[in-house]
Amino acid sequence: MKRLASMAFAAASVLSLQGCAGWQSALDPKGPAASELAWLIWFFTGLCAVVWVLVMIALAAPVLMRPPRRTEPLVLDAGADHRKLRVVAIAVGLTAAILVGLTLLSFFANRTLAAIGSDAALTIRVTGHQWWWEVRYEDATPSRILTTANEIHIPAGEPVRLLLTSTDVIHSFWVPSLAGKLDLIPGHINVLDIKADKPGTYRGQCAEFCGAQHANMGTFIIAEPRAKFDAWWNDQLQPAAPPTGDEAKAGADLFLKRPCVMCHKIGGTPAGGTVAPDLTHVASRRTLAAGSLTMSRGNLAAWIADPQGIKPGSHMPVVELNGDELNAIVAYLEGLK
Amino acid sequence: MRLGFATLLSVTLALAACQREERDTRPQSSLGSGGQPTPVTALEPGGQRPSPRDNKAASFEANAFHLSEGKRLFGWFNCSGCHANGGGGMGPALMDQKWIYGSSMESIHATIRDGRPNGMPSFRNMIPDDQIWELAAFVRSLSGNAPSSAAPQRNDGMMPHPSENRMPDAATLGKSP
């Protein structure tokens with residue numbers, strides 16, 4: 001029985017540690033800020049564990065040890081009292097030293113974090129909405145300013161400056177593999193500098209409760225080599241691909257005649273809404289509805305047909321479309337690579 | 001006995017208040033006709049016809065969720081472009097006691113859906129029916145025609161008037177105290 005329990009415990013610990021790896025974990029750092037924080041987490045946890053064990057031993061010792069037998073209970077032993085006082089004084093001194101040491105450590109970690117993006121060449125404005133992320137790439141040339149949603153492409157190995165703000169309620173931007181969390185506050189801009197050491201996809205999540213669909217407010221940071229990133233930016237700046245095929249053409253027409261056009265933008269068409277995600281290159285993204293669904297024709301259709309079933313309370317309304325209309329619009333959106 | 005009665009009463013009252021927050025985000029196509037003809041004029045021979053009534057009107061009117069959604073859509077769809085946050089500009093003011101086409105939910109719904117002469121565009125097919133009802137409910141709250149317990153309580157931006165739940169009641173609007 002005891003053996004079974006210990007085996008179960010070992011299996012559980014292995015499994016729980018495995019959960020720490022992957023594309024969204026503060027314990028699996030992929031950038032300088034996250035590495036600094038991960039080191040801090042492990043050091044704090046380790047030191048506190050040692051202190052806890054020592055305290056438990058100190059507590060258990062007098063309980064378990066047999067007190068020395070005294071012949072005369074009223075006789076004072078000045079020497080023993082002094083020794084005890086010394087032990088307490090040393091323990092208090094050690095506690096103070098450890099606390100000051102940990103404070104200094106976190107202070108120096110903060111200095112490292114603050115120094116990461118001081119020379120960032122790329123600035124991205126991330127605006128939180130209920131429940132998706134608007135991503136705007138700033139550029140000195142207005143025609144190169146790019147707006148997209150939910151996916152943040154960055155060049156790997158370069159520091160990137162994120163300007164965080166919100167239009168409705170307070171959200172929090174947290175990509176555990178790259179950096180700590182920082183709030184997005186309406187009417188205020190917070191600055192977060194991030195850097196990904198290696199190319200890869202890192203998942204992020206809103207970390208401040210922001211309403212019904214807070215849990216379905218995911219984002220992805222996609223770090224790519226510089227050349228690939230530049231090519232991606234140039235691709236995204238292009239207006240939407242014109243529809244090919246009769247079904248997609250009918251879909252493009254319907255998009256402008258149905259409620260879609262009231263909120264969404266498709267570059268190169270009269271659709272110019274700015275209150276919902278930009279759909280100019282929607283099919284080039286990996287997910288739909290802020291990480292809720294993977295991108296596929298079926299999921300596109302499902303999302304348009306019943307957004308309130310997939311993400312109840314989201315601001316995407318149920319639009320009355322018949323089957324042909326739905327298929328046509330999906331065919332059009334699917335072609336927007 | 002008296003304590004039990006008081007508890008029962010307070011629970012009933014508390015549960016009754018839940019309707020104010022009911023969030024019905026999926027349209028119920030069985031309710032509401034959505035296709036009533038809009039009279040361009042109210043002048044008719046043989047006196048007034050009873051005005052058309054819609055089942056949906058009541059469920060949207062006193063619901064805090066729908067009212068705040070209407071307020072959000074009012075901004076998103078640029079109603080302020082002509083109605084200027086209710087104060088009026090190119091379009092008529094919405095925060096006074098004058099109603100050109102009637103103050104009922106049904107009339108406002110018809111105005112948004114089908115448009116009106118001299119400038120009000122038709123949003124038929126461009127705004128889903130439920131969202132039109134939300135807008136209609138919010139427009140009524142601009143002039144104190146919504147219960148203050150349900151009307152929106154906050155403004156996100158700078159607004160020319162207090163939030164809708166602090167607007168003067170429709171009965172006293174436009175009269176000096």
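We name chains A, B, ... by the order of the sequence lines, and we start the count at 1 in each one.
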(message) Looking at every heavy atom in both P259(A) and N125(B), which two are closest together, and how far apart are they?
(response) CD-O, 3.0 Å
(message) Quick check on F123(B) against chain A: is it the side chain, the backbone, both or neither that has a heavy atom closer than 4.5 Å?
(response) side chain
(message) Tell me whether D246(A) at atom CG has more than 12 heavy atoms from other residues, nucleotides or ligands lying less than 6.0 Å away.
(response) no
(message) Show the nearest heavy-atom pair for residues R154(B) and D168(A), with the distance to one decimal.
(response) NH2-O, 4.4 Å
(message) For M262(A) versus M126(B), what's the shortest heavy-atom pair and its separation?
(response) CG-O, 3.0 Å
(message) Can you tell me which portion of V261(A) sits under 4.5 Å from chain B's heavy atoms? Options are side chain, backbone, both or neither.
(response) side chain
(message) At under 4.5 Å between heavy atoms, what parts of residues 72-79 of chain B are in contact with chain A? List them by residue number.
(response) R72(B), W76(B), F77(B)
